[in-house]
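In what follows, residues are counted from 1 in the order of the sequence shown.
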Amino acid sequence: MKDVFITSAGIFLPNNPISNDEMEDYLGKLNGKDSIVKARILKQNGIKSRYYALNKKQESTHSNAELAIKAIEAAIAKSELRSKEISLLCSGTTQGDLPIPGFASMVHAGLDFNRCELASFQSVCASGVMALKNAFAQIKSDEKENAVCVGSEFASRMFKSSRFEAQEVKSLPFDTEFLRWMLSDGAGAFVLENKKSQKNISLKIEWIEIKSHANEFPLCMYTGKTDNKNEQEKTWLDYPSYEDASKAGAINLQQDVRILDKVVQTGVAHYFELIDEGKIKKDKIDWLCCHYSSEVFKKPIQDLMEKGGGAIAEEKWFNNLTTKGNTGSASIFIMLEELMYAGKLKQGDTILCMVPESGRFITSFMQLKVETPDIKNEINFPYRKVETPELIVNKSDTSEWLIRQLAQIWIDFETELLKVPIVTKIHAGKLSLADYKLLLHDLRQQVIDGSQWISRAASNIDIELFELRSAFIKHTAAEHKDYQMLERNFVNLGEELANIQTNEKNIGSMALSAFMFQQASKQNPVDLLGAMFIIEGIGKRLASYWGLMIKEQLHLNDDQVSFFTYHGVADENHFHKLEEALNHPSMNLEIAKKIAKTAKTTAKLYKIQLEEIGNY
């Protein structure tokens, strides 16, 4: 059985925080009148601000799927994984944007994922925990290596005044209005893996427990019916029309507040069952993340825990209901995301999560253990002084002019290159294994194209310039060996060879290759010596140093970085061939200017290629 870790978390809260005074600006005033019970309900629930995916015209600014997508993208951005590596997507929500298909399908459609397994869970607050347990079980059993889980809610659109006014109601039943001032919008997501992060804090999932009590209790929070007393009552789909169901109030979300105390009691009873089973050791709990819909329920929970001898000290409780609102299935994600990155956790801390659901009484618990990286990630590699690769050519007015031009082009190039995200990550010691794999993937096609445009260039060089043609051909052979070495490095990282042989170029690589082939197709494309100066200069001056930094920070073997490290020696020899070509008797100022311009263009396009890593 594998260990399972939450390795990163992300949230998305739409638009700006909305204060209590602003709520009716977005939800609308029913029949133009202020709510009579709003102030009392807000005083009880303690919520000071929340977020709505609505504007003041009661128009949706996002879909529920978009909320989930943005939370997932935020989580993956903090992860060492790339989106295309995710193998399982699990979602939880109270209500998706569409009754059919499943919510996870709609979320998947908006993500930059490959084909993957999906699991959609529809319930209320516990649906997010259900999604987590599915992913936990699959990784635990070694069926999957990773997963993304998301809880997302867009409740506000169910409480728009326009919706109720269309039902021609003068006032709302308390069971509906109660929720109108309780629920809000947002999404949270976790990346789960079978190994902890070596960059950031991780939360090891020790166990997840979910229990339904629907056999004991009636509906508490529901939509699709008008009351919870008659089990045989028709549902919204049984009305003659959707309009009839709406006018009857069958599509209104409501909660029987008279039995909410039973939800509290049932949740605490389950807590003590887990203590009896030995799963929870209350004295070992460092943090309790307890989801509740209202601050008014916190004290009863604490009182019942204390009466049973299971009290957890107040300073160990963590909740952000008052500032983030009650976001149902997303709440536990949003709560843990804040705790995870607040700087409060330390190695070995135990976090107990408690998520009750009032829908038809579900109680769920999850226990996490804080894990910090094994290795201190404070490696910071020095930036070397920017210097141009040395060129040794015969002295003449033309050669000296060209060397000056190439030197300045290189200095500008290397200076700008140090600002490129993938390069700054390497120097900061923050490159992830996924970053490195993607770098190899995107460089491979450029290296393959390199041998092809050099061959094309050689074929277009006149026989009178035989020495230049020979230099190009020899370079082609070296480029062929380069891509084979790059592929071996990728496979030695544990990847399938097919995963790098996609022939897909990022948009920067497309621009670079297009320019190279265009120049190579011209008659006597001697100006490509300028391109070779830039590309071989990267090998001679930068690649080997990058390789050493990558090897150290990712703890790799020589055969996993040799594509980079061997260039320090190999490209020294390539440079000698370049110098011989630049010493050709036919060199003149006109050709030198073309070489300099091509060098400048190549430098610009190569930088774009590295900036666009992963952008296809």
Item to check | From CA spacing to verdict: salt bridge (charged side-chain N to carboxylate O under 4.0 Å, His left out), E314, K298 | outcome: CA-CA 10 Å; E314 172 70 29; K298 181 178 178 181; 2.8 Å; yes
Next on the checklist: Using the rule given for side-chain hydrogen bond (donor to acceptor under 3.5 Å, both in side chains), can you reason through N326 versus S293, listing the C-alpha separation, both sets of side-chain angles and the distance that settles it, and then say yes or no?
Outcome noted: CA-CA 6 Å; N326 178 3; S293 60; 4.6 Å; no
Next on the checklist: Please evaluate residues N320 and T323 with respect to the criterion side-chain hydrogen bond (donor to acceptor under 3.5 Å, both in side chains), reporting the C-alpha separation (whole Å), side-chain torsions for both, the decisive distance (0.1 Å), and the verdict.
Outcome noted: CA-CA 6 Å; N320 54 13; T323 56; 5.4 Å; no
Next on the checklist: The test is salt bridge (charged side-chain N to carboxylate O under 4.0 Å, His left out); show your working for K324 and E337 and say whether it passes.
Outcome noted: CA-CA 12 Å; K324 302 299 193 295; E337 190 272 348; over 6 Å; no
Next on the checklist: Evaluate N55 against T61 for side-chain hydrogen bond (donor to acceptor under 3.5 Å, both in side chains), listing each step before the verdict.
Outcome noted: CA-CA 7 Å; N55 61 27; T61 58; over 6 Å; no
Item to check | Derivation and outcome, salt bridge (charged side-chain N to carboxylate O under 4.0 Å, His left out), residues K279 and E209 | outcome: CA-CA 10 Å; K279 284 190 171 181; E209 174 96 4; 3.0 Å; yes
Checklist entry - Stepwise, does the side-chain hydrogen bond (donor to acceptor under 3.5 Å, both in side chains) test hold for T327 with E153? => result CA-CA 6 Å; T327 52; E153 301 289 5; over 6 Å; no
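At distances below 3.5 Å, at least one donor-acceptor pair connects side-chain atoms of D97 with backbone N or O atoms of A65. A side-chain donor-acceptor contact under 3.5 Å links K225 to the backbone of N230. Looking only at distances, a side-chain donor or acceptor of R163 sits under 3.5 Å from a matching main-chain atom of R157. A donor-acceptor contact shorter than 3.5 Å is absent between the side chain of Q167 and the backbone of G249. Of the possible donor and acceptor atoms, none in the side chain of N194 sits under 3.5 Å from a partner among the backbone N and O of D142. Proximity of a side-chain donor or acceptor of S87 to a complementary backbone N or O of N146 within less than 3.5 Å is detected. Under the 3.5 Å distance criterion, the side-chain polar atoms of K38 are matched with a main-chain donor or acceptor of N20. Panel note: side chain Y52, backbone Y26; no donor-acceptor pair is recorded below 3.5 Å. Listed for the D185 side chain is a donor-acceptor partner under 3.5 Å among the backbone atoms of A53. At least one donor-acceptor pair closer than 3.5 Å links the side chain of N319 to the backbone N or O of C290.
Within 6.0 Å of the NZ atom in K234, the count of heavy atoms belonging to other residues, nucleotides or ligands exceeds 12. Within 6.0 Å of NZ in K140 there are more than 12 heavy atoms belonging to other residues, nucleotides or ligands.
When every heavy atom of G96 is checked against every heavy atom of N64, the shortest pair comes out as CA-ND2, 4.1 Å. Smallest separation of non-hydrogen atoms from M305 and F272: O-CZ, 3.4 Å. K84 approaches N114 most closely through the heavy-atom pair O-ND2, 3.2 Å. Closest non-hydrogen pair, E80 versus E85, comes out as O-OE1, 4.4 Å. Residue L30 comes nearest to S171 through the heavy atom pair CD2-CA, 3.8 Å, listed as atom of the first residue, atom of the second, then distance. Closest heavy-atom contact between S8 and A75: OG-O, 2.8 Å.
The aromatic rings of H270 and F365 lie perpendicular to each other, with more than 60° between the two planes, well past the 30° mark. In this structure, W287 and F318 have perpendicular ring planes: the angle between them is above 60°, well past the 30° mark.
Between F361 and F217, the ring centre distance stays below 6.0 Å.
Taking the charged nitrogens against the carboxylate oxygens, D374 and K195 have no contact shorter than 4.0 Å, which rules out a salt bridge. We find that R360 and E231 are joined by a salt bridge, their nearest charged nitrogen and carboxylate oxygen being less than 4.0 Å apart. A salt bridge does not link E295 with K48: every distance from a Lys NZ or Arg NE/NH1/NH2 to an Asp or Glu carboxylate oxygen is 4.0 Å or more. Electrostatic pairing of D256 and R258 counts as a salt bridge here, judged by a charged N lying under 4.0 Å from a carboxylate O. Taking a cutoff of 4.0 Å between a charged side-chain nitrogen and a carboxylate oxygen, K299 and D303 qualify as a salt bridge. Checked for salt-bridge contact, K144 and E117 meet the test: a charged N lies under 4.0 Å from a carboxylate O.
Atoms CD and CD1, on E145 and I86 in that order, are 11.0 Å from each other to the nearest 0.5 Å.
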